[in-house]
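First the structure, in the form of structure tokens, and then the observations on it.
Note that these values count all heavy atoms, side chains included, but never hydrogens, waters or copies made by symmetry.
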Amino acid sequence: MQKHKIGIIKEGKIPVDKRVPLTPKKCVEAMQEFPYAELVVQPSEVRCFTDQEYEELGISMQQDLSDCQVLMGVKEVPIDQLIPNKTYFFFSHTIKKQPHNAKLLRAILDKNITLIDYELLTNDKGQRVVAFGRYAGIVGAYNGILTYGRKWKLFDLKPAYQCHEMEDMQEEYFKVKLPPIKIAVTGGGRVAGGAMEVLDKMEIRKVSVFDYLYKQFNEPVYAQLHSGDYNNRPDVEVWDSPDFYAHPELYQSTFRKFTKVTDLLMACAYWDPNAPKLFTEEDTRQPDFKIDTIADITCDVDGSIPTTKRSTTIIDPAYDYNPETGELEPAFSRKENITVMAVDNLPCELPRNASRDFGRNIIDYVFPQIFNNDKGGMLERATIARGGELTEKYRYLQGYAAASVV
């Protein structure tokens, strides 16, 4: 087998993303494990791992990547930086016909590029194999606690993005002194898992859903809520998860019982636009609506959380929702408001740790497929475009890509 030259591209999207698909140590590991892989890295002054860190481990730095067969980045590649006739791996954000990326998909087709989207890489059970979800959960939960502490002037945590590594962030945990509040964590995937890691390390006790709803505690506690805990189908008595995911439009929310006892909501569940919202804006005006802080970690604008009217930034992570007027106000304006944290690129706050996790997934799941002729078809399932055309599975994007020409 001949050498396969793989280039790690410099991130070109603005605002800048500091993450990398492979850290310096992961590059070394990949070349040791896959002798036919040759890795080169495009120099970058913004990457969370410096050029020097790569060079110290003997990784070649190369400005011109036109001799690479495969190019790997993280975020969308600016159109003027795309090299024709190459295979690219990155998060393209095109499969939901996101308007801002229609021109990008058109350019990929025009330049005869093979596009493999990380978001679409799944095993034979349909589960994603590479994702930043765990770190979205970790940073999101930390931001949620930080926001609650600031709202009630209980403690002031150093923002995650100001921490060099996760270990620095964990040094802040000892400052967290919470009253006996109740925290709801929705979801059962990577994001919820990351959020619960933080709460566990902060020594906030996990309790059952029943105890959470009906018992009083003299310490802060949290409960993990799955879809069946806050949705039901009126015509069916027994909860059936596959049915909920297949027909979310037939369900209604029963989350209202949680709004009466919850102080801080951490939304980590994947949300289908056809599924019911957790609660309504009208619900927030009821006297027994207790939630005053929301960490919308999944950050679906106008999604499962109706108070998430817009996303926020790492530098300015929160705003207030005024239940009386339905308007947004500056964060911490008044105690009666609901304070919402809705940062849409949370893993970027701990880019070094997030990149290490991501690189582990790339080596474990993606590289074997590159060198075994895609046994099992994982890469094929994630290929949106090839040879100037959309692949069969993604033909529905034809009009979306074509419309960008107009």
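The closest donor-acceptor contact from the side chain of N372 to the backbone of K375 lies under 3.5 Å. When atom types are taken as modelled, the side chain of Q369 and the backbone of V366 share no donor-acceptor pair closer than 3.5 angstrom. Not one N or O on the side chain of R205 forms a donor-acceptor pair closer than 3.5 Å with the backbone of V221. The backbone N or O of V185 lies less than 3.5 Å from no partner atom in the side chain of Q224, so there is not a single donor-acceptor pair. The main-chain N or O of S44 is found under 3.5 Å from a side-chain atom of D51 such that the two form a donor-acceptor pair. A donor-acceptor pair under 3.5 Å is formed between the side chain of S355 and the backbone N or O of V20. Side-chain atoms of D243 do not come within 3.5 Å of backbone N or O of H247 as any donor-acceptor pair. The backbone N or O of F174 sits less than 3.5 Å from a side-chain atom of K177, completing a donor-acceptor pair. The closest donor-acceptor contact from the side chain of D17 to the backbone of K75 lies at 3.5 Å or more, if one exists at all. Using modelled atom types, no side-chain atom of S304 and backbone atom of W271 make a donor-acceptor pair closer than 3.5 Å.
The pair K277-D302 meets the salt-bridge criterion, since a charged nitrogen lies less than 4.0 angstrom from a carboxylate oxygen. Salt bridge status for K393 with E380: absent, with no side-chain N to carboxylate O gap under 4.0 Å. Taking the charged nitrogens against the carboxylate oxygens, E172 and K158 have no contact shorter than 4.0 Å, which rules out a salt bridge. Between R334 and D320, none of the side-chain N atoms (NZ, or NE/NH1/NH2) sits under 4.0 Å from a carboxylate O, so this pair counts as no salt bridge. A salt bridge is absent between K309 and E327; no separation between the charged side-chain nitrogens and carboxylate oxygens falls under 4.0 Å. A salt bridge is absent between E167 and R352; no separation between the charged side-chain nitrogens and carboxylate oxygens falls under 4.0 Å. In this structure, E76 pairs ionically with K13, as a charged nitrogen and a carboxylate oxygen lie closer than 4.0 Å. Salt bridge status for R395 with E392: absent, with no side-chain N to carboxylate O gap under 4.0 Å. Here K18 does not pair with E11 in a salt bridge; the nearest charged N to carboxylate O distance is not below 4.0 Å.
At most 12 non-hydrogen atoms from other residues, nucleotides or ligands lie less than 6.0 angstrom from CD of E237. More than 12 non-hydrogen atoms from other residues, nucleotides or ligands lie less than 6.0 angstrom from CD of Q252. Crowding of F332 atom CZ: a count of heavy atoms from other residues, nucleotides or ligands under 6.0 Å exceeding 12. Remark: K257 NZ is packed, more than 12 non-hydrogen atoms of other residues, nucleotides or ligands lying under 6.0 Å away. Atom CD of E219 is surrounded by more than 12 heavy atoms from other residues, nucleotides or ligands within 6.0 Å.
Residues K5 and Q62 meet the side-chain proximity criterion, which asks for heavy atoms closer than 4.5 Å. Residues Q69 and T87 fail the side-chain proximity criterion, which asks for heavy atoms closer than 4.5 Å. Looking only at side-chain heavy atoms (C-beta outward), R128 and T122 come within less than 4.5 Å of each other. Contact check for D292 versus W152: side-chain heavy atoms found under the 4.5 Å cut-off. Taking 4.5 Å as the limit, some side-chain heavy atom of I362 sits within range of a side-chain heavy atom of M72. You'll find the side chain of Y400 reaches within 4.5 Å of the side chain of N101, heavy atoms only. The closest side-chain heavy-atom distance from F258 to K182 is not below 4.5 Å. Contact check for F89 versus I370: side-chain heavy atoms found under the 4.5 Å cut-off.
For the atom pair CG of N143 and CE of M341, the computed distance is 5.0 Å after rounding to the nearest 0.5 Å. Note: R285 CZ to D283 CG = 9.5 Å, rounded to the nearest 0.5 Å. Taking CG from L225 and OH from Y230, the interatomic distance works out to 7.0 Å, rounded to the nearest 0.5 Å.
Nearest heavy atoms, I145 versus L199: CD1-CD2, 4.0 Å. Closest approach of C299 and V343 over heavy atoms only: CB-O, 4.0 Å. Residues T147 and T339 approach most closely at CG2-CG2, 3.5 Å, considering heavy atoms. Listed here is the closest heavy atom pair of L397 and I95: CD2-O, 4.0 Å. Shortest non-hydrogen contact noted between G140 and L346 is CA-CD1, 3.8 Å. Scanning all heavy atoms of the two residues, the minimum distance from C163 to D168 falls at CB-CB, 3.8 Å.
Screening K151, E329, E324 against N337 for a side-chain hydrogen bond (donor to acceptor under 3.5 Å, both in side chains) leaves a single residue, E329.
Taking the centre of each ring, Y135 and F132 stay at or above the 6.0 Å mark.
Donor-acceptor pairing under 3.5 Å is recorded for the side chains of R256 and T259. Between D200 and Y222, the side chains place a donor N or O and an acceptor N or O closer than 3.5 Å (distance only, hydrogens not considered). Defined by atom type and a distance below 3.5 Å, a donor-acceptor pair is present between the side-chain atoms of Y212 and T262. Side chains of Y321 and E281: a donor-acceptor N/O pair is present below 3.5 angstrom, by distance only.
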Check: Step by step, would you call D300 with I305 a side chain to side chain contact (heavy atoms under 4.5 Å, CB included)?
Finding: CA-CA 8 Å; D300 291 309; I305 310 294; over 6 Å; no

Margin query: For V139 and Y161: C-alpha separation, side-chain torsions, deciding distance, then whether side chain to side chain contact (heavy atoms under 4.5 Å, CB included) applies.
Written below: CA-CA 9 Å; V139 177; Y161 75 91; over 6 Å; no

Next item on the list: Carefully, step by step, assess T254 and N232 under the rule side-chain hydrogen bond (donor to acceptor under 3.5 Å, both in side chains).
Entry: CA-CA 7 Å; T254 59; N232 77 357; 5.7 Å; no

Next item on the list: Could you walk me through whether T383 and Y394 pass the side chain to side chain contact (heavy atoms under 4.5 Å, CB included) test, one step at a time?
Entry: CA-CA 9 Å; T383 301; Y394 302 101; over 6 Å; no

Next item on the list: Assess whether side chain to side chain contact (heavy atoms under 4.5 Å, CB included) is satisfied between L22 and F367, documenting all intermediate values.
Entry: CA-CA 12 Å; L22 289 169; F367 270 69; 3.9 Å; yes

Notebook entry, point to check: What's the verdict on side-chain hydrogen bond (donor to acceptor under 3.5 Å, both in side chains) for D296 and T298, showing C-alpha distance, side-chain angles and the deciding distance?
Noted result: CA-CA 6 Å; D296 191 349; T298 50; 3.1 Å; yes

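In this view, R190 satisfies the salt bridge (Lys or Arg N to Asp or Glu O under 4.0 Å) rule with no residue, not counting sequence neighbours.
Classification of the Y173-Y142 ring pair by plane angle, with boundaries at 30° and 60°, yields tilted.
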